[in-house]
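Report on the structure given below.
Just so we're on the same page: letters track the sequence lines, and every chain starts at 1. Since this is a predicted model, take the numbers as computed values, not measurements.
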2 protein chains.
Amino acid sequence: MLIRIETESEIPIYTQLTNQIIEGIAKGSLKSGDALPSVRAFAADLGVNMHTVNKSYHELEKKGIIQIVPKSGAVISHYDSIDDSTMNRISDQLRPYIAEALVLGVDKEKLLELVSSLISDIKTK
Amino acid sequence: MLIRIETESEIPIYTQLTNQIIEGIAKGSLKSGDALPSVRAFAADLGVNMHTVNKSYHELEKKGIIQIVPKSGAVISHYDSIDDSTMNRISDQLRPYIAEALVLGVDKEKLLELVSSLISDIKTK
DNA sequence: TATTTTGTTATAGAAAGTATAGAACAGTTT
DNA sequence: AAACTGTTCTATACTTTCTATAACAAAATA
């Protein structure tokens, strides 16, 4: 799985890593049960600090996407039915960007098209 | 227009303000041509610092949502056709949250329903 | 016209977040 | 037994967020 970190980006490195791991899972490059690299190995590979990778892993664990087994490693979780609190979190995260799009003149139809297009893009590319 | 700021939130105050102003416009409480309160008046009203409101206004201006006239005030812009770079920005903003939803088991149909529901909610509530 | 109000700019400080580095610990894996 | 693991700790540097105060010049208002 290929990860690209942009040091100059305004987006924190640990967030960039979190997002790209999530996309890797969404795409199918990473599956439930797969182990993620150790924080040390991954950090060395990416050229960043161990603690930065560690922070990303804990962010992913907080989201319910991976499970961290102390002194062992991180494994991608199995997802069954989504609970209400998680659904609400996703809704709260999306809301400001949906509102912004509406204000800037993107109507419901175009917005749904955009989301459909994004889903396809994430699953393939 | 009613604004609620949560000091304890992890979301910066200026971002909370930006998002709520955007929702006010999306809902129709604020229209193109309307003037926003002065940074001083708004800050006093919200109990925050003048520079915090100022930062929010400049964020809104960067998004193309308002226009700031130096020494005069801030006015809500008129929106015609959306340009490609703005559309790309919105797409980039949405992408990680769409990916996260997919990973957590929200399928395309449920995701489109969620977006539809959010649009209705933003426009009314 | 004189006063008030406006956004802007500057300085300053406190607190939190981001990222790095090095080291040590104890449990897991090989 | 040795290597590897996530965890924890200390430390430093930089950026971001938020507040506070002050001054400036242009716009709006009385």
Side-chain angles (χ1 to χ4, degrees), chain A residues 1 3-22 25 30 33-77 89 93 96, chain B residues 1 3-22 30 33-77 93 96:
Chain A
M1 212 211 135
I3 303 282
R4 285 182 228 85
I5 298 297
E6 295 178 20
T7 318
E8 342 78 42
S9 172
E10 71 210 341
I11 302 169
I13 296 175
Y14 75 92
T15 304
Q16 293 182 45
L17 182 53
T18 296
N19 289 342
Q20 291 184 42
I21 291 171
I22 290 174
I25 300 171
L30 299 169
D34 284 357
L36 289 176
S38 77
V39 291
R40 281 174 231 259
F42 214 170
D45 186 35
L46 297 172
V48 301
N49 192 275
M50 173 193 71
H51 299 103
T52 306
V53 176
N54 196 246
K55 190 166 186 178
S56 171
Y57 280 12
H58 278 91
E59 199 184 19
L60 286 164
E61 190 180 44
K62 197 178 172 189
K63 286 176 183 292
I65 292 175
I66 68 172
Q67 284 175 311
I68 301 175
V69 184
K71 275 80 186 181
S72 173
V75 180
I76 297 171
S77 297
R89 199 194 68 216
Q93 287 172 343
Chain B
M1 211 211 139
I3 304 282
R4 288 182 226 83
I5 298 297
E6 295 178 19
T7 317
E8 342 79 43
S9 171
E10 69 210 344
I11 301 168
I13 296 174
Y14 74 92
T15 304
Q16 293 182 46
L17 182 54
T18 297
N19 288 343
Q20 290 185 44
I21 290 171
I22 289 174
L30 298 170
D34 284 358
L36 290 176
S38 77
V39 290
R40 279 172 232 259
F42 214 170
D45 186 35
L46 298 172
V48 301
N49 191 274
M50 177 194 66
H51 297 105
T52 305
V53 176
N54 198 247
K55 190 167 185 176
S56 170
Y57 280 13
H58 277 91
E59 199 185 18
L60 287 165
E61 191 180 41
K62 197 178 172 189
K63 287 176 181 292
I65 291 174
I66 69 171
Q67 284 174 310
I68 301 174
V69 185
K71 273 83 188 183
S72 174
V75 181
I76 298 171
S77 298
Q93 287 171 342

Test side-chain contact (heavy atoms from CB on, under 4.5 Å) applied to Pro96(A) and Thr15(B), Asn19(B), Thr18(B), the passing residue
Asn19(B)
When the distance from CD of Glu10(A) to C1' of dT15(D) is rounded to whole Å, what number comes out?
13 Å
What are the 5'-most and 3'-most nucleotides of DNA chain C lying under 4.0 Å from any heavy atom of chain A?
dT18(C) to dT29(C)
Of the non-hydrogen atoms in Lys63(B) and Gln93(B), which two are nearest, and what is the gap between them?
NZ-NE2, 3.7 Å
How far apart are the closest heavy atoms of Ile13(B) and Thr52(B), and which atoms are they?
CG2-CG2, 3.7 Å
Report yes if a side-chain nitrogen or oxygen of Ser72(B) is closer than 4.0 Å to either non-bridging phosphate oxygen (OP1 or OP2) of dA28(D); otherwise report no.
yes
Side chains of residues 35-50 of chain A: which donor-acceptor partners sit under 3.5 Å, not counting sequence neighbours?
| unit_1 | atom_1 | unit_2 | atom_2 | d |
| --- | --- | --- | --- | --- |
| Ser38(A) | OG | Ala41(A) | N | 3.0 |
| Asn49(A) | OD1 | His51(A) | N | 2.9 |
| Asn49(A) | OD1 | His51(A) | ND1 | 2.8 |

Polar pairs (N or O, both sides) under 3.5 Å between protein and nucleotides 19-24 of chain D?
| unit_1 | atom_1 | unit_2 | atom_2 | d |
| --- | --- | --- | --- | --- |
| dT19(D) | OP2 | Asn49(B) | N | 3.1 |
| dT19(D) | OP2 | Thr52(B) | OG1 | 2.6 |
| dT21(D) | O4 | His51(B) | NE2 | 3.3 |

Considering all heavy atoms of both residues, which atom of Ile68(A) and which atom of Glu61(A) are nearest to each other, and what is their separation?
N-OE2, 3.1 Å
Separation of atom CD in Glu59(B) from atom C1' in dT16(D), rounded to whole Å
13 Å
Between Gln20(A) and Arg4(A), is there a donor-acceptor pair closer than 3.5 Å when you use the side chain of the first and the backbone of the second?
yes
With a 4.5 Å heavy-atom cut-off, do Leu17(B) and Val53(B) have their side chains touching?
yes
Donor-acceptor check, side chain of Gln16(B) to backbone of Ile11(B), threshold 3.5 angstrom: yes or no?
yes
What's the CD-P distance between Gln67(A) and dG6(D), to the nearest Å?
15 Å
I need the CZ-P distance between Phe42(A) and dC4(D), as an integer number of Å.
18 Å
Report the distance from atom OH of Tyr57(A) to atom P of dT5(D), rounded to the nearest whole Å.
10 Å
How would you label the contact of Tyr14(A) with the nucleic acid (heavy atoms, under 4.0 Å): base, sugar-phosphate, or nothing?
sugar-phosphate
